[in-house]
Amino acid sequence: MASETVENCSSHDPLLDIDSSDSSSGVKSDEYLELQFRVFRLAFLLTIFSVGIAGFFWGIQAGASLFIGALSGIFYFRLLARGIGRLGTSSKIVGKVQLLVPVLLVLVSSRFPQLDLIPALLGFLLYKPALIIQFLSMP
Amino acid sequence: MDSITTAASVVAAGLAVGLGAIGPGIGQGSAAQGAVEGIARQPEAEGKIRGTLLLSFAFMESLTIYGLVVALVLLFANPFAG
């Protein structure tokens, strides 16, 4: 009797219908992947623009530091996006592994004199303007 | 670097990470709770909810990163070291 009630509810209520939610999951993940792709593309464009300006005005070393920092920022954002993509499906929490990226960046910048700390940190934060632009352009 | 500067730097690094992680931690927890509840209620809006959660997490976690960077600079590239 109870199983019949559950079957009736699941067949009529779209929120409880597992089949309908599974059938649209591909569309949902595509939307999420598309957002990530747009942010990555914006971040790469900003990186190229900023590295060019930094290399022209402050030299090759500052440009290289900015470039490495920007790559670290994009990698950090990728790890964060992967953690959020797993939330609710295979994980109950968002991992903190991505916080190792700025730690390693500062450690490497302090150990190697070829890298400047300030341009590397500024490059790391270049994903934020990309996020702001993406956030403002969202409908 | 004298011992007082070293001690103050270590204490300041601990405070920067510890105090800087409180607010974003609370905010991320409540944001994740709301997002998971929203996905459970409206599975068809999962993509938009995850996207908004990603943007808000990135902004919140940058506050933690600021504290982390200040702490690491104090520990490994201290500007007050003589």
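Both backbone and side-chain heavy atoms feed into the values below; hydrogens, waters and symmetry mates do not. Within every chain, numbering begins at 1; the chains are lettered A, B, ... in the order of the sequence lines, protein sequences first and strands thereafter.
Side-chain contact between B:Ile65 and A:Tyr76: present, with at least one pair of heavy atoms (C-beta onward) separated by less than 4.5 Å. Inter-residue side-chain proximity for B:Tyr66 and A:Leu125 is flagged as met; some heavy-atom pair is nearer than 4.5 Å.
What you find for B:Ser62 and A:Tyr127 is that their closest heavy atoms are CB-OH, 4.0 Å. Heavy-atom minimum distance, A:Pro102 versus B:Leu72: O-CD1, 4.3 Å.
The parts of A:Leu87 that come within reach of chain B are both its backbone and its side chain, each placing non-hydrogen atoms under 4.5 angstrom from that chain. Using a 4.5 Å cut-off between heavy atoms, A:Ile132 touches chain B through backbone and side chain atoms alike.
Counting non-hydrogen atoms of other residues, nucleotides and ligands closer than 6.0 Å to CG of A:Leu136 gives a total above 12.
Applying the side-chain hydrogen bond (donor to acceptor under 3.5 Å, both in side chains) definition to pairs two or more places apart or across chains, those involving residues 94-113 of chain A are A:Lys96-B:Gln28, A:Lys96-B:Glu61, A:Gln98-B:Glu61.
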When the side chains of residues 52-60 of chain B are checked against the rest of the protein, which donor-acceptor pairs come out under 3.5 Å, sequence neighbours left out?
from	atom 1	to	atom 2	distance (Å)
B:Thr52	OG1	B:Lys48	O	2.8
B:Ser56	OG	B:Thr52	O	3.0
B:Ser56	OG	B:Leu53	O	3.0

Can I get a per-line list of side-chain donor-acceptor pairs under 3.5 Å for residues 33-48 of chain A, giving both atom names and the distance, sequence neighbours left out?
from	atom 1	to	atom 2	distance (Å)
A:Glu34	OE2	A:Arg38	NH1	3.2
A:Gln36	OE1	A:Arg78	NH1	3.3
A:Arg38	NE	A:Gln134	OE1	3.3
A:Thr47	OG1	A:Ala43	O	2.7

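Tracing side-chain contacts under 4.5 Å through hydrophobic residues (I, L, V, M, F, W, Y), one never reaches A:Leu122 starting from A:Ile133; they form parts of separate clusters. Hydrophobic clustering (ILVMFWY, side-chain heavy atoms < 4.5 Å, transitive): A:Phe77 and A:Leu126 are in distinct clusters. Both B:Val73 and A:Ile118 belong to a common hydrophobic cluster when Ile, Leu, Val, Met, Phe, Trp and Tyr are linked at side-chain heavy-atom distances under 4.5 angstrom. In terms of hydrophobic clustering, with Ile, Leu, Val, Met, Phe, Trp and Tyr side chains grouped at heavy-atom distances under 4.5 Å, B:Leu75 and A:Phe112 are assigned to a common cluster. Linking ILVMFWY residues whenever their side-chain heavy atoms come closer than 4.5 Å, directly or via other members, leaves A:Phe49 and A:Leu71 in distinct clusters.
The side chain to side chain contact (heavy atoms under 4.5 Å, CB included) test with B:Val69 is passed by exactly one of A:Leu121, A:Val103, A:Leu117: A:Leu121.
Residues of residues 12-26 of chain B lying under 4.5 angstrom from chain A, judged on non-hydrogen atoms, do not exist here.
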